[in-house]
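These values consider heavy atoms only, across backbone and side chains, with no hydrogens, waters or symmetry-generated copies. Just so it is clear, the model here is predicted, and its values are computed rather than measured. Order of listing sets the numbers, starting from 1, for every ligand and every atom in it.
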Amino acid sequence: MATSMFLQPARFFSKKAGINHVLVIGGGLMGSGIAQVTAAAGMKVTLVDQSQDILKKSLTGIEQSLNKIASKKFADDPQKGKEFVKNTVCQIETVTDPEQNARHADLIVEAIVERMEPKQALFSKLDKVAANHTIFASNTSSLSISEIACATKRKDRFGGLHFFSPVPMMKLVEVVRIAETSDDTFNQLADFSKRVGKVPVACKDTPGFIVNRLLVPYMMEAVRMLERGDAKAEDIDTAMKLGAGYPMGPLELADFVGLDVCKMIIDGWHKGDPNQPLFSPVKTLDKLVTEGKLGRKSGQGFFDYKAAQQAKKK
Ligand code: 3HC
C-alpha cells in the first residue's frame with residue numbers, strides 16, 4: 001500500500017538541511033565580499049545595512065568584482081560570464097532591518113563596526129528572533145568571540161568566521177571556536193567556508209587569532225622602522241616584496257587594510273595587555289588617523305593614492 005502523505009517522515013517536508021540562507025550584516029568591504037562569495041556559491045543571501053544608499057554602493061562593488069572574475073572565468077564565453085554575474089547578484093536581497101529578516105537564516109554573519117557594544121547589542125536582539133538552529137558568527141578581526149557570544153543564549157551555536165580582504169581573492173577563513181562552540185557548529189562553519197571556495201583553519205579565541213596576531217605587529221614594526229628613519233617607506237615595502245615574497249609591502253598593506261582599522265586593533269590589544277611591546281601605540285599611525293589619512297580608502301596614508309584614483313575615474 002502506498003504510504004499516506006500524512007505518514008511520510010517529516011524529513012520529506014523539511015527544507016534541505018545545512019546552510020542554505022545566509023544573513024550578512026554590514027555592507028562594507030568585508031560584508032559585501034562575504035555576501036558575494038556566498039551568493040556565487042549558490043546560497044541565498046540577505047545583506048543588511050543601515051540604508052538602501054549604502055546597500056546600493058555595496059551591490060555596485062559586488063558587481064564590479066564579479067565582472068572582474070567573470071572576465072577571467074568565462075573568457076571564452078562572455079555571455080556565460082554575464083549570466084554568472086546576473087545570477088549571483090540575483091541571489092542577494094538587500095534590507096535595512098536585521099531582526100525582521102533573521103528568522104529564515106541558517107547562518108548569520110556579522111561584519112559591522114569593530115566595537116564590542118554594537119556587536120553585542122545586535123546579537124542580543126537577533127538571538128530573540130532567529131530560529132533555534134541558526135548559527136551566529138562574527139567576522140571580527142580583533143575582538144573576543146567569547147565576549148560577543150555572551151550577549152546570546154546560543155554559545156554552542158556561536159563562532160568566528162574571519163575572512164580576509166579582498167574577500168573574493170583571499171583563500172583563507174579562520175574558523176574560531178570558543179569553549180562552548182559545539183562540534184556540529186564548528187563543522188558547519190568549516191563546511192560553509194569550503195563551499196564559498198576558501199580554506200578553513202581552526203583557531204582558538206585569542207587576540208588576532210592566527211593571521212592578525214602575526215600580521216598587525218609586523219605592519220606596526222614597519223611603521224616604527226620608518227619612525228626611526230632606518231629606511232624610506234618605498235624601500236621597506238620593496239624589501240619585503242622582493243626579499244620575502246609578500247604581494248604587498250607592510251606599509252601598502254596597512255593602507256589597504258585601513259589605518260583606522262590598524263589603530264583600533266593595536267589600541268584594543270594594548271588596553272588588554274599594556275606590557276606587550278608589540279602592542280604599544282605607534283605615533284605616526286595615530287597622527288595619520290587624526291589627520292583623516294586612513295590609507296587607500298581616503299586617498300592618502302603612508303602613500304598617496306589620489307592620482308591613481310583620479311586616473312581610474314577618467
Ligand atoms: N575582486 C575580484 N578580483 C580582484 C579583486 C576583487 N576585489 N581585487 C583584485 N582582483 C584581481 C584583479 O582583477 C587582478 O586580476 P588580473 O591578474 O587578472 O588582472 C588580480 O586580482 C590582481 O590584482 P591587481 O593586479 O590589481 O593587484 P595585485 O596583483 O597586487 O593583487 C591583491 C591584488 C590580491 C590584493 C594582492 O596584492 C594581495 O594579495 N595583497 C595582500 C592582501 C592581504 O594580505 N590581505 C589580508 C589583509 S589582512 C585582513 O584582511 C584581515 C583584517 O581583519 C584586517
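For the side-chain hydrogen bond (donor to acceptor under 3.5 Å, both in side chains) with Thr46, the lone residue among Gln91, His104, His21, Gln100 that qualifies is His21.
Within the listing of ligand 1, atoms 47 (C), 48 (S), 54 (C) sit less than 4.0 angstrom from a heavy atom of Val257. The ligand atoms of ligand 1 that sit less than 4.0 angstrom from a heavy atom of Ser141 are 53 (O).
Listed for the Ser32 side chain is no donor-acceptor partner under 3.5 Å among the backbone atoms of Leu29.
With respect to Arg154 and Asp127, a salt bridge is recorded, a charged nitrogen being found less than 4.0 Å from a carboxylate O. Taking the charged nitrogens against the carboxylate oxygens, Lys128 and Glu99 have no contact shorter than 4.0 Å, which rules out a salt bridge.
Within the 4.0 angstrom cut-off, atom 24 (P) of ligand 1 has no protein heavy-atom neighbours. There is a protein heavy atom less than 4.0 angstrom from atom 39 (O) of ligand 1. Protein heavy atoms all stay at least 4.0 Å away from atom 31 (O) of ligand 1. At a distance under 4.0 Å, no protein heavy atom can be found next to atom 28 (P) of ligand 1. Protein heavy atoms come within 4.0 Å of atom 35 (C) of ligand 1.
Atom 37 (O) of ligand 1 has its nearest heavy-atom neighbour, among Glu252, Met264, Met248, in Met248.
Protein heavy atom at the shortest distance from atom 49 (C) of ligand 1 is Phe164 CD2, 3.6 Å. Ranking the protein heavy atoms by distance from atom 18 (O) of ligand 1 puts Lys72 CD, 3.0 Å first. Looking at atom 2 (C) of ligand 1, its nearest protein heavy atom turns out to be Ser65 OG, 3.3 Å. Leu215 CD2, 3.7 Å is the protein heavy atom nearest to atom 48 (S) of ligand 1. Taking atom 41 (C) of ligand 1 as the reference point, the nearest protein heavy-atom neighbour is Pro247 CG, 3.7 Å. Annotation: atom 4 (C) of ligand 1 to nearest protein heavy atom, Met169 SD, 3.3 Å. Taking atom 46 (C) of ligand 1 as the reference point, the nearest protein heavy-atom neighbour is Ser165 O, 3.5 Å. Looking only at protein heavy atoms, the nearest one to atom 7 (N) of ligand 1 is Pro166 CB, 3.7 Å.
A cation-pi arrangement, defined by a distance under 6.0 Å to the six-membered ring centre and an angle within 45 degrees of its axis, is present between Lys73 and Phe84. Relative to the ring axis of Phe186, Arg177 places its NZ or CZ within 45° and under 6.0 Å from the centre.
For the ligand labelled ligand 1, residue His162 lies inside the 4.0 Å heavy-atom shell.
Residue contacts with ligand 1 for Val261 are absent, since no atom lies close enough (heavy atoms, distance under 4.0 Å). At a heavy-atom distance under 4.0 Å, only side-chain atoms of Leu253, from C-beta outward, approach ligand 1.
For the 3.5 Å distance criterion, the side chains of Ser141 and Glu114 qualify, holding a donor opposite an acceptor. Inspection of the Gln36 and Thr88 side chains reveals no N or O donor paired with an N or O acceptor under 3.5 Å.
Here the two rings, on Tyr218 and Tyr246, have centers that are under 6.0 Å apart.
By the side-chain contact (heavy atoms from CB on, under 4.5 Å) test, Lys232 is found to be paired with Glu234, Asp235, residues two or more places apart in sequence or in another chain being considered. With sequence neighbours excluded, the residues forming a side chain to side chain donor-acceptor pair (under 3.5 Å) with Gln188 are Asp184, listed by chain and number.
For Gln50, the CD atom is loosely surrounded, since the number of other residues' heavy atoms within 6.0 Å does not exceed 12.
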